[in-house]
Amino acid sequence: MLKIKNLKAGIEETKILKGIDLEVNAGEIHAIMGPNGSGKSTLSSVIAGDENYEVESGSIMLNGEDLLEMDPDERAHKGVFLSFQYPVEIPGISVSNFMKAAINEKRKNLGQDPVSAKDLLHKMKEKMELLNMQKGYLSRNMNEGFSGGEKKRNEIFQMAMLEPKLSILDETDSGLDIDALKVVANGVNKLKSKENATIIITHYQRLLNYIVPDFVHVLHDGKIIKSGGKELALELEAKGYEWVIK
Amino acid sequence: MGLLDSIEKYCENHVIKNDAITSFLKEGFPTTKDEEWKYTSLKKIVSDDYVLEEGASDISADEIKKHSLNIGEQIIFINGVLHAKPDIKGLKIEPNVLKNLSYEDPISALNSGLAKNGYSISIDGGVALEKPLEILFLNKYEANSFLQYRNNIIVGENASIKIVENIKNLSNNTVFVNSVTDIDTKKDSFLEINKLQDYSNNERTIDTTNINQEKTSTTTINTLLFGGAFTRNNLNFFQNGVNCESNMNGIVILNNDEVGDNHTYVDHKKENCQSNELYKGIYLGKSKGVFNGKIMVRPDAQKINAFQANNNLLLSDDSSINSKPQLEIYADDVKCSHGCTIGQLDEKALFYLRTRGVSKEDANAILTFAFASEAMDKISIPVLGDRVKSLMEDKLGVNLSI
Ligand SMILES: Nc1ncnc2c1ncn2[C@@H]1O[C@H](COP(=O)(O)OP(=O)(O)O)[C@@H](O)[C@H]1O
Ligand SMILES: [Mg+2]
């Protein structure tokens, strides 16, 4: 599904990603771990199409199509979804209106008519139940005054609504207490299928107790320095990153 | 020849002489040297030629229908003349008699001296109008015209009324309108006026509203400015009794070479009163905005709550806004807050929306709507709210499904 080859990217003069190779197939869950500042969020931003980052060389292909040629909204239409490490507050727009805009743009792109208010509400209710969310949530302004945990849950809610092919969850576990973590993990697991893939970015292994990855990669200083199976996460937890960085 | 010469000639030909016009002719039109007109120049628009004796064309029933808002009751003025009015118990609607008109500055003196048309609305004490009242003003003049209206509204004790002013120029000729509305709101009354200013590029407007409030009255003016070559609004509130509430909300969205200037003044004269002011400005193209909000708190006006905010979004490199709060506070027990912001759309929020599949144009529009939403929420008439939304969409060139 996703093929990243020798990706080098940075911001202005600073090189951040220094040659990333990564292949993710449909049905797989990959975890990317690594210390703070190693480039994890940069990698997810570059995949999502953040124009603040300059791609120096390399390629990102999604199902044979060149993502780097596309605008962020086109990438979303192709099935890319990023759960932000720091979701943005947008005063003046409610969660339900935000969702309506996103769903309808997706439908427009597929040549479908706008969703009816009834169908939309029904689907939103269903996904809110899945994620154990409070009733009043839909009429609140997007992320405004949300707690850290609420923001993360709101990201997974959008993911559930948009049904992406490739989801990148950037530090979705930070800010969640253990109960919320279980709810979110349960949601992600329920949304998993043979057709979609997930990249989980985290620097703790605790989320991986609930969402079990097929592959674990260690990112350090803009490069993937080690890859392995799910046991690599446990090893990292026990021995620390110094053990792989050396 | 210019407007000033035309006015002089008109007065000579009609042998018009009164204190107001003499005062105007002595001072002439204000220039940018005048503090009140510092950022808005009348120079160009008064150097054009206009006729003062207007020949007007008929306006068809279809045209009336097309421009009506259908929000409830309706008064229709065609070329300044009362054409239709509703029959409601306790509500008097008549042509204004235009006597004993006061003036403070040259522009209102000009109006007081020469105004020819206008309405007079009064609502009896204790009467609460159920449906909003639309005042539809349609003009179709056969030449470039300078027009002056003088209106008068009296809201009786404990009466309540909501009004929507809807003004349209249907001809291709330019109109320059200088109108003044004098309002008296009696004790315990409630008045809301919505000024729907969806002007076209051949409309030039100076609109002055003077509101005299008696005790425990609540008056709200919502200014919805969506176009027009040149618009200057003056809102002047005088709180003459205790426990008054004065609310001013504004949404301004301008494009191309449009100029929009909102001047507001609240004179807190008595204690225990409040004023709330929220103006949101959105500027595209080469449009130019001015906001000037003056709040005066007199020595006797203790326990005053005055809130003012003016937030602006510049959506193009060539648009501009001059925003100026002016506070003069002579009482000590006063809560007064004001804030002015000028900015662009938040890049992070734009990216966030786009990662959810929303196109650049729509993401811009959604964030612009979000910016205006706080002021849009103040519109209490649902049909008008819908109209404002579609006017905003037109201005931004989008069709949002939210
Ligand atoms: N927008 C930016 N401007 C400047 N430096 C940045 C920016 N984004 C990331 N960096 C730098 O790139 C490095 C990697 O950051 P990031 O991708 O956020 O790491 P991680 O998510 O692994 O903690 C850090 O040194 C960070 O300071
Ligand atoms: Mg990060």
Side-chain angles (χ1 to χ4, degrees), chain A residues 44-45 47-53 70-84 86-94 96-110 113-117 120 141-144 151 154-155 158-159 161-164 167-168 170, chain B residues 249-253 278-282 309-313 315 339 341 343-379 382 385-386 388-390 392-393 396-402:
Chain A
S44 28
S45 301
I47 298 173
D50 188 340
E51 283 150 12
N52 285 314
Y53 297 95
M70 298 179 202
D71 284 339
D73 38 318
E74 280 180 270
R75 299 184 197 203
H77 298 151
K78 298 290 180 195
V80 176
F81 179 89
L82 170 61
S83 166
F84 281 61
Y86 303 108
V88 184
E89 298 194 9
I90 312 183
I93 178 159
S94 67
S96 60
N97 275 342
F98 182 97
M99 220 52 257
K100 192 171 165 190
I103 291 275
N104 280 339
E105 296 253 6
K106 183 183 166 192
R107 293 177 67 92
K108 191 163 91 187
N109 196 262
L110 293 169
D113 285 339
V115 64
S116 77
L120 181 70
N141 282 336
M142 198 67 189
N143 292 321
E144 191 185 28
K151 284 183 182 167
N154 187 20
E155 295 294 287
Q158 294 171 59
M159 170 181 147
M161 290 296 295
L162 293 167
E163 298 165 350
S167 303
I168 305 162
D170 190 0
Chain B
N249 303 298
I251 300 174
V252 178
I253 169 161
L278 175 67
Y279 272 74
K280 297 266 183 177
I282 299 158
N310 172 233
N311 305 315
N312 300 288
L313 203 51
L315 293 182
T341 61
Q344 278 88 35
L345 292 175
D346 177 6
E347 287 295 330
K348 285 205 173 82
L350 276 174
F351 177 61
Y352 189 56
L353 272 156
R354 295 190 71 193
T355 63
R356 277 25 177 179
V358 180
S359 69
K360 193 175 183 176
E361 293 71 30
D362 284 5
N364 279 320
I366 286 172
L367 292 180
T368 306
F369 266 83
F371 167 81
S373 71
E374 202 187 337
M376 283 166 83
D377 290 345
K378 308 277 186 190
I379 299 172
D386 292 346
V388 163
K389 187 174 163 271
S390 75
M392 273 188 67
E393 286 187 340
L396 296 170
V398 292
N399 189 352
L400 287 181
S401 56
I402 63 169

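Residue numbering restarts at 1 for every chain, and letters A, B, ... go by the order of the sequence lines. These numbers come from the heavy atoms of this one structure, side chains and all, not from hydrogens, waters or symmetry mates.
Glu347(B) is linked by a side chain to side chain contact (heavy atoms under 4.5 Å, CB included) to Leu350(B), counting only residues two or more places apart in sequence or in another chain.
When atom types are taken as modelled, the side chain of Asn143(A) and the backbone of Ile90(A) share no donor-acceptor pair closer than 3.5 angstrom. The main-chain N or O of Phe371(B) is found under 3.5 Å from a side-chain atom of Lys280(B) such that the two form a donor-acceptor pair.
For Lys108(A), the part lying near chain B is the side chain, with the backbone staying farther off; criterion is any non-hydrogen pair under 4.5 Å. With a threshold of 4.5 angstrom between heavy atoms, Ser45(A) approaches chain B through N, CA, C or O but not through any side-chain atom. Looking at Val80(A), only its backbone comes within 4.5 Å of chain B, counting heavy atoms on both sides. Residue Asp377(B) does not touch chain A at all, counting heavy-atom pairs closer than 4.5 Å.
Most heavy-atom pairs under 4.5 Å with chain B: of the set Met161(A), Glu89(A), Gln158(A), this distinction falls to Gln158(A).
The closest side-chain heavy-atom distance from Phe369(B) to Leu396(B) is below 4.5 Å.
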Contacts under 3.5 angstrom, residues 70-77 of chain A side chains, donor-acceptor by atom type, not counting sequence neighbours:
{"from": "Asp73(A)", "atom 1": "OD1", "to": "Arg354(B)", "atom 2": "NE", "distance (Å)": "3.1"}
{"from": "Asp73(A)", "atom 1": "OD1", "to": "Arg354(B)", "atom 2": "NH2", "distance (Å)": "2.7"}
{"from": "Glu74(A)", "atom 1": "OE1", "to": "Asp71(A)", "atom 2": "N", "distance (Å)": "3.1"}
{"from": "Arg75(A)", "atom 1": "NE", "to": "Leu67(A)", "atom 2": "O", "distance (Å)": "3.1"}
{"from": "Arg75(A)", "atom 1": "NE", "to": "Met70(A)", "atom 2": "O", "distance (Å)": "3.0"}
{"from": "Arg75(A)", "atom 1": "NH1", "to": "Val46(A)", "atom 2": "O", "distance (Å)": "2.9"}
{"from": "Arg75(A)", "atom 1": "NH1", "to": "Ile47(A)", "atom 2": "O", "distance (Å)": "3.0"}
{"from": "Arg75(A)", "atom 1": "NH2", "to": "Leu67(A)", "atom 2": "O", "distance (Å)": "3.1"}
{"from": "Arg75(A)", "atom 1": "NH2", "to": "Met70(A)", "atom 2": "O", "distance (Å)": "3.1"}
{"from": "His77(A)", "atom 1": "ND1", "to": "Asp73(A)", "atom 2": "O", "distance (Å)": "3.3"}
{"from": "His77(A)", "atom 1": "ND1", "to": "Asn109(A)", "atom 2": "ND2", "distance (Å)": "3.1"}
{"from": "His77(A)", "atom 1": "NE2", "to": "Gly357(B)", "atom 2": "O", "distance (Å)": "2.8"}

